Amino acid sequence: MYFFEYAKSFLYRMLLKRKHTFINPTAIILNVKKIDIGSNVIVGRHAFIRGGQDPSSHLKIGDNVVIRMNTYLSSRHGDLSIGKNTYFAHSCWLGGQGTTTIGMNCLFGPNVVSISSNHDYNNISTPYHKGDELPGVITIGDNVWIGANAVILPNVKIGNGAVIGAGSVVTSDVPARTLFVGNPAIFQKNLRS
């Protein structure tokens, strides 16, 4: 099984060279049939990119996206869509059972976590790791900057031009062109356009 995944991944990398896309040899790519990577994309060392396992799930990466080392991107049971010109610093983690949509020209600092699902904690008789995961939706607009070590939780929308401060935990919607900071992230000020 692993041999076939490796072979498919190798062929996929060869096809991407025509698009001027570079994937570091140490990066892992799984379920390539469910992944669409644009032109001029750079995938760094030890990055992990996994396409969907469900027939309807898909991972789409736009043109000119940079994915630095140790970043994890997965669309296991939902869609993950990344707009063009977006930059992920090292060790970001984006995944979950839900759907995440990221706009164009976004900037993710190091160690940002965006998780589109949560475990059902209402039934304490079932161990959490064996319980149901509740899928959600995360929508991140265009030109959004998310600072280092920030966490984006399910069912939030971050508007165009918003800034999330380093170490913040986003639990509710963030309007466009605003600065949110803290745990939970709260409004700090409006940003001029």
Side-chain angles (χ1 to χ4, degrees), residues 24 27-31 35 41-53 57-62 65-83 85-121 128-129 131-175 178-188:
N24 189 283
I28 296 172
I29 302 176
L30 298 176
N31 299 338
I35 300 173
V41 172
I42 297 172
V43 178
R45 291 182 293 126
H46 306 293
F48 184 94
I49 299 174
R50 177 171 57 193
Q53 293 175 325
S57 59
H58 196 75
L59 192 152
K60 184 177 187 316
I61 300 172
V65 170
V66 175
I67 301 164
R68 300 291 294 189
M69 65 180 177
N70 299 319
T71 291
Y72 173 93
L73 304 175
S74 174
S75 64
R76 266 179 44 209
H77 298 292
D79 289 334
L80 173 57
S81 177
I82 300 167
N85 305 319
T86 292
Y87 179 91
F88 295 94
H90 63 81
S91 303
C92 291
W93 194 101
L94 284 81
Q97 306 259 358
T99 297
T100 300
T101 304
I102 300 168
M104 301 181 298
N105 304 309
C106 293
L107 174 61
F108 286 71
N111 304 307
V112 168
V113 173
S114 172
I115 184 158
S116 61
S117 59
N118 203 348
H119 289 276
D120 184 2
Y121 54 82
Y128 295 128
H129 72 281
D132 291 332
E133 265 192 76
L134 307 173
V137 175
I138 295 174
T139 305
I140 299 173
D142 296 334
N143 194 33
V144 171
W145 178 12
I146 301 176
N149 299 303
V151 177
I152 314 298
L153 294 177
N155 301 317
V156 298
K157 181 176 182 180
I158 300 175
N160 295 338
V163 175
I164 308 300
S168 298
V169 178
V170 180
T171 60
S172 60
D173 290 353
V174 174
T178 57
L179 170 64
F180 270 59
V181 176
N183 180 6
I186 58 172
F187 173 81
Q188 297 295 310

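Computed from a predicted model, the values in this text were never measured in an experiment.
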Measure the shortest side-chain to side-chain distance between [X] and [Y] over non-hydrogen atoms and say whether it is less than 4.5 angstrom.
X	Y	answer
I61	V43	no
V156	V174	no
V112	I164	no

Which atoms form the tightest heavy-atom contact between [X] and [Y], and what is the distance?
X	Y	answer
P135	S117	CA-CB, 3.9 Å
G109	A89	C-CB, 3.5 Å
A27	G44	CB-O, 3.8 Å
G182	S168	N-OG, 3.0 Å
P175	A162	O-CB, 3.8 Å
N160	D142	OD1-N, 2.8 Å

Point-to-point distance, once rounded to the nearest 0.5 Å, from [atom1] of [X] to [atom2] of [Y]:
X	Y	atom1	atom2	result
I67	Y87	CD1	OH	11.5 Å
C106	I82	SG	CD1	10.0 Å
F48	Y72	CZ	OH	5.5 Å
I29	I35	CD1	CD1	6.0 Å
R45	M69	CZ	CE	5.0 Å
Q97	T99	CD	OG1	10.5 Å

> Knowing that exactly one of T71, N70, N149 qualifies, which makes a side-chain contact (heavy atoms from CB on, under 4.5 Å) with N111?
Replying inline: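 Exactly one candidate clears the test, N149.
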
>> Consider side-chain contact (heavy atoms from CB on, under 4.5 Å). Of T101, I146, L94, which one does I140 pass it with?
In response: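 Checked T101, I146, L94 against I140; only one passes side-chain contact (heavy atoms from CB on, under 4.5 Å): I146.
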
So, [X] side chain and [Y] main chain: donor-acceptor pair closer than 3.5 Å or not?
X	Y	result
T86	V65	no
N118	L134	no
T178	Q188	no

>> Over 60° means perpendicular and under 30° means parallel, so tell me whether F187 and F180 are parallel, tilted or perpendicular.
In response: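 Perpendicular.
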
>> Using the rule given for side chain to side chain donor-acceptor pair (under 3.5 Å), can you reason through N105 versus N85, listing the C-alpha separation, both sets of side-chain angles and the distance that settles it, and then say yes or no?
In response: CA-CA 5 Å; N105 304 309; N85 305 319; 3.2 Å; yes

> More than 12 foreign heavy atoms under 6.0 Å from CH2 of W145: is that the case here?
Replying inline: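 Atom CH2 in W145 is not crowded, with 12 or fewer foreign heavy atoms closer than 6.0 Å.
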
>> Around atom CZ of R50, are there more than 12 heavy atoms from other residues, nucleotides or ligands closer than 6.0 Å?
In response: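 Correct, the count exceeds 12.
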
> Quick one: side-chain contact (heavy atoms from CB on, under 4.5 Å) partners of T100, sequence neighbours excluded?
Replying inline: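 T100 satisfies side-chain contact (heavy atoms from CB on, under 4.5 Å) with L80, I102, S114, S116, I138 only.
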
>> Which residues pass the side-chain contact (heavy atoms from CB on, under 4.5 Å) test with P184, not counting sequence neighbours?
In response: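 Only T171 meet the side-chain contact (heavy atoms from CB on, under 4.5 Å) criterion with P184.
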
>> Please evaluate residues L153 and I115 with respect to the criterion side-chain contact (heavy atoms from CB on, under 4.5 Å), reporting the C-alpha separation (whole Å), side-chain torsions for both, the decisive distance (0.1 Å), and the verdict.
In response: CA-CA 6 Å; L153 294 177; I115 184 158; 4.1 Å; yes

